[in-house]
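All heavy atoms count here, side chains included; hydrogens, waters and symmetry mates do not. Being a predicted model, the structure only gives us computed values, none of them experimental.
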Amino acid sequence: MFMTITATGSTECPATDLGFLLHKHPDRAQVFSTAYGRAHVFYPEAGAESTTAALLLEVDSPALVRRGKGKGRGGAPDASLAQYVNDRPYAASSLLAVALRTVFSSALRGECRTHPERAAAPMPLRIEVPVLPARGGAALVAKLFEPLGWRVAAEPIVLDSRFPEWGESRYVALTLEGELRLAEALRHLYVLLPVLDDAKHYWVSEDEVDKLLRFGEGWLAGHPEQKLITSRYLSRRWSLTRQANERLELVRLADADDIEVEAIDNAVEPEVPEEVAERPAPLAVQRREAILAELRAAGAARVLDLGCGQGQLVAALLKEARFTEIVGVDVSVRALDIAARRLRLDRMGERQAGRVALLQGSLAYTDSRLKGYDAAVLSEVIEHLDLPRLPALEYAVFGSARPRRVIVTTPNVEYNVRWESLPAGHVRHADHRFEWTRAQFGTWAGEVAERYGYQARFVPVGPDDPEVGPPTQVAVFSRTADGGPDAAARTRAGDNRTTSDNHAADDNHGDSDKTTDEKEAVA
């Protein structure tokens, strides 16, 4: 996919200022990783009178297919276009829109520390997109861009120049010219490229409404084709389209009366269904709530937070009197120091301080201090260990400490296709050594339960997608009465395995002091 942005200038206002506004130096060719390939930024020309910046997106088609099939998640708009043989490598679409947002994020926000006056002022621009899918043809392209101040040239592309009788394709060669702020121009493209394509390569969820209104601010509410833009951008999802239109109507009314949106929001808000108006809690919060619910249901009073990091779960446990003893364990002394400051241990009353302890230790070692507890939590911990070292942790927790209940949470790799900003084939955090599918996690949990005398059941956390499941998967292990059929042999094998793996596993587990927010950076 390819597009160019050309600015014209003068001696007083040189066109090379475009490099400052885009935050990309004209003398350098740069490469950026995006969710579905590599984006190249370079300048075919850079002079005071005319400067052109080019964006070339190389689409990783195999990765696109791996991340999901079907409409809205990588499926081609036409049924005849399938997997590797399709229009993605060259026709502008939502893939290019995401690349724009990834590569030119500061320019989209209108930010430029060195030339703020240029970022705030209109400038002569020419934008060219050689191949643009346009469902509705050149006429629709004009209807979308001309009300925004653009002079539009949309030249239909014939299916095959050797066979003119076949007629025109649904693609156009687009040229836009006008005097606009660069941020406005990029926002127009970000919203209208997928609208013209009438398809998105990723799952459209509620946060798309916020993106539409954010990038449509100042122009979408008064656009004559607002309803078409909203419907197509949100992949014709009726509930999301209605929500967006209602919020845009608030903006229109506020502009008409020259007042703030908040001043009339109360009058319109009751018409918005509660389930639409409320945004879901962050995934980290949902995960903690699910853990707390399981601990309450188990009647646990003495709880271990294994791999406690900076103490978010420990803080939540302290708020409930039912948890009479809370122990946070982490290999990182630095993380424990941060947790102590966050919990204000030095300012706690004697009674409250008697409920909590923070211990330094590796989960690859057996530790007599961890025995006899009602429940243990391993929240987003196991994926930070190399797989060969996981058995050492299994034995230390399930074979040696043996709490009555163990709660393990870990990312569901199948759900990664729903994260627009996550590059293809990447895990959610740089330190994750693996991420499991639901089947892989289920197999592991079943084997651990059988080996150590537990029963396992599974709980979803976050939106449970019918195709790819929830973003977080949870296994709740309950210890059986007899401790399993092979306890003695299991213990001997576990001791041998743990001894051989201890030192290497200890070093590796030291990375588990990532904060909850860090672990959820893409979520």
Side-chain angles (χ1 to χ4, degrees), residues 283 286-298 300 303-308 313 329 363-364 366 370 373-416 427-429 432-462 464-465 468-487 489-491 493-494 497-498 501 505 508-509 512 519:
L283 184 58
Q286 295 183 56
R287 185 166 53 241
R288 281 197 294 274
E289 287 300 323
I291 292 169
L292 290 170
E294 290 294 335
L295 293 173
R296 295 185 198 111
V303 179
L304 298 168
D305 182 8
L306 303 178
C308 65
L313 179 59
V329 180
L363 300 183
T366 60
L370 307 184
Y373 283 82
D374 298 327
V377 178
L378 290 156
S379 180
E380 308 300 283
V381 170
I382 61 172
E383 62 274 9
H384 290 270
L385 273 71
D386 289 324
L387 281 171
R389 297 168 180 171
L390 193 55
L393 176 144
E394 295 167 8
Y395 175 72
V397 175
F398 294 91
S400 177
R402 293 192 61 73
R404 289 194 295 108
R405 192 71 52 99
V406 181
I407 301 171
V408 179
T409 82
T410 193
N412 168 22
V413 71
E414 296 170 78
Y415 195 88
N416 287 359
V427 292
R428 297 186 201 175
H429 189 280
H432 285 188
R433 310 306 169 88
F434 64 88
E435 287 179 358
W436 275 332
T437 64
R438 288 167 291 172
Q440 289 171 322
F441 185 53
T443 299
W444 173 81
E447 291 174 350
V448 169
E450 182 177 1
R451 187 180 305 125
Y452 293 105
Y454 284 78
Q455 291 180 338
R457 60 182 175 85
F458 301 92
V459 179
V461 172
D464 196 355
D465 188 281
V468 297
T472 294
Q473 47 191 342
V474 182
V476 180
F477 297 84
S478 301
R479 195 177 68 200
T480 57
D482 61 0
D486 242 342
R490 184 181 65 237
T491 301
R497 180 173 55 250
T498 304
D501 285 346
N508 183 65
H509 189 65
S512 68
K519 292 175 183 177

Check [X] against [Y] and note the closest heavy-atom contact, atom names and distance.
| X | Y | result |
| --- | --- | --- |
| Val397 | Pro403 | O-CD, 3.5 Å |
| Tyr454 | Arg404 | CE2-O, 4.1 Å |
| Glu380 | Thr472 | OE2-CG2, 4.0 Å |
| Ala290 | Val461 | CB-CG2, 3.6 Å |
| Ala298 | Arg405 | CB-NH1, 3.5 Å |
| Phe441 | Ala475 | CZ-CB, 3.5 Å |

Side chain to side chain, [X] and [Y], heavy atoms closer than 4.5 Å:
| X | Y | value |
| --- | --- | --- |
| Leu385 | Arg433 | no |
| Val408 | Val476 | no |
| Phe458 | Val474 | no |
| Val303 | Asp374 | no |
| Leu363 | Val329 | yes |
| Arg402 | Arg479 | yes |
| Gln473 | Thr409 | no |

**Item:** Donor-acceptor under 3.5 Å (Asn412 side chain, Pro470 main chain)
**Value:** yes
**Request:** Test side-chain contact (heavy atoms from CB on, under 4.5 Å) on Leu313 and Cys308 and set out the steps.
**Result:** CA-CA 7 Å; Leu313 179 59; Cys308 65; over 6 Å; no
**Request:** Go through the side-chain N and O atoms of Gln455 and Ser478 and say whether any donor and acceptor fall under 3.5 Å apart.
**Result:** no
State the [atom1]-[atom2] distance between [X] and [Y], to the nearest 0.5 angstrom.
| X | Y | atom1 | atom2 | value |
| --- | --- | --- | --- | --- |
| Leu370 | Ser400 | CG | OG | 8.0 Å |
| His384 | Thr410 | NE2 | OG1 | 8.5 Å |
| Glu435 | Ile382 | CD | CD1 | 10.5 Å |
| Leu306 | Ile407 | CG | CD1 | 11.0 Å |

**Item:** Salt bridge flag under 4.0 Å for residues Glu394 and Arg389
**Value:** no
**Request:** Could you tell me whether Arg438 and Glu414 have a side-chain N and a carboxylate O separated by less than 4.0 Å?
**Result:** yes
**Criterion side-chain contact (heavy atoms from CB on, under 4.5 Å) against Val406, the qualifying member of Phe477, Tyr452, Tyr373** = Phe477
**Asked** Which residues satisfy the side-chain contact (heavy atoms from CB on, under 4.5 Å) test with Gln440, sequence neighbours excluded?
**Response** Trp436, Thr437
